[in-house]
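Starting from 1, each residue takes its place in the sequence as its number. Counting convention: from 1, in listed order, for ligands and their atoms alike.
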Amino acid sequence: MSTTVLDRTAPTDAPVLDILAERWSPRAYDESSAIDEGKLASALEAARWSPSAYNNQPWRFIVARRGSAAHAAIADTMIDFNKTWATKAGVLVVAVAELESDEGRVHPTAHYDLGQAVAHLSVQAHHDGLFVHQMTGFDAPAVHAHFDLPDRLEVLSLLAVGDLGDAAQLPEGARERETAPRERRPIAETVLVND
Ligand SMILES: Cc1cc2nc3c(=O)[nH]c(=O)nc-3n(C[C@H](O)[C@H](O)[C@H](O)COP(=O)(O)O)c2cc1C
């Protein structure tokens, strides 16, 4: 497949690691390629080794390869816009927070810890040539119910993970977003106190 190569490197105001500047969230995935299992294992391993409060590791993942029953069930819960592109990625990963241990111990920073684990997963995946696009445009309670998860687990987000496809093949709307300038507010508006 001939792919339109996009340079989506962030125009940072201060130098950052190449991997952080170069990571971005595509919508053009190659639906002809299966996930590289070694790279997927590395991405999950990176999440495994991220830090967490009390080393609680309050993250869980549902890994659903394209073509599987789990993949079809998750895809079914996506908003229409996400269905148009995210179903083409080799894998969908559901990110799940463990709010409480099975012994009833509360994990107050479960969301924070899960987000950090997903960040590590994303960076490792990007380093290995996989692309990650996180989503909340899906029915999280429906996924929770489908997989019969206990109440102490909360479905938080969904990740499309796979090989980059051709942006030119995207439906209108998604195609424009793929090439729109990457923007962030200035750091001065983010740092509340800088004494
Ligand atoms: C928690 C979360 C939820 C998101 N939900 C969606 C979504 O449902 N659909 C979508 O197209 N993009 C979604 N995004 C992608 C963001 O729009 C994207 O990360 C943001 O515009 C920054 O772009 P970048 O990741 O390329 O730097 C989501 C991102 C995050 C972190």
Test of understanding: given a 4.0 Å heavy-atom threshold, classify the contact between M78 and ligand 1 as side chain, backbone, both, or neither.
neither
Please evaluate residues W59 and E98 with respect to the criterion side-chain contact (heavy atoms from CB on, under 4.5 Å), reporting the C-alpha separation (whole Å), side-chain torsions for both, the decisive distance (0.1 Å), and the verdict.
CA-CA 6 Å; W59 46 73; E98 187 189 50; over 6 Å; no
Going by atom types alone, do T190 and R185 pair a side-chain donor with an acceptor below 3.5 Å?
yes
Give the atom numbers and elements of ligand 1 that come within less than 4.0 Å of a heavy atom of [X].
| X | result |
| --- | --- |
| W24 | 26 (O) |
| R182 | 24 (P), 26 (O), 27 (O) |
| R23 | 24 (P), 25 (O), 27 (O) |
| G137 | 8 (O) |
| F81 | 11 (O) |
| S25 | 19 (O), 24 (P), 25 (O), 26 (O) |

Taking atom 8 (O) of ligand 1 as the point of reference, which of L158, N82, V118, L159 owns the nearest heavy atom?
N82
Verify atom 20 (C) of ligand 1: protein non-hydrogen atom under 4.0 angstrom away
no
Protein non-hydrogen atom below 4.0 angstrom of atom 28 (C) of ligand 1 present
yes
Salt-bridge test for E100 and R105: reply yes if a basic N is under 4.0 Å from a carboxylate O, no otherwise.
no
Is it true that E172 and R175 have a side-chain N and a carboxylate O under 4.0 angstrom from each other?
no
Kindly state whether the ring of H133 and the ring of W85 have centres lying under 6.0 angstrom apart.
yes
Any residue meeting salt bridge (Lys or Arg N to Asp or Glu O under 4.0 Å) with R65, in chain and number order, not counting sequence neighbours:
E37
What protein heavy atom sits nearest atom 14 (N) of ligand 1, and how far off is it?
Q134 O, 3.0 Å
Identified side chain to side chain contact (heavy atoms under 4.5 Å, CB included) counterpart of V63 within the set V94, L159, L40:
L40
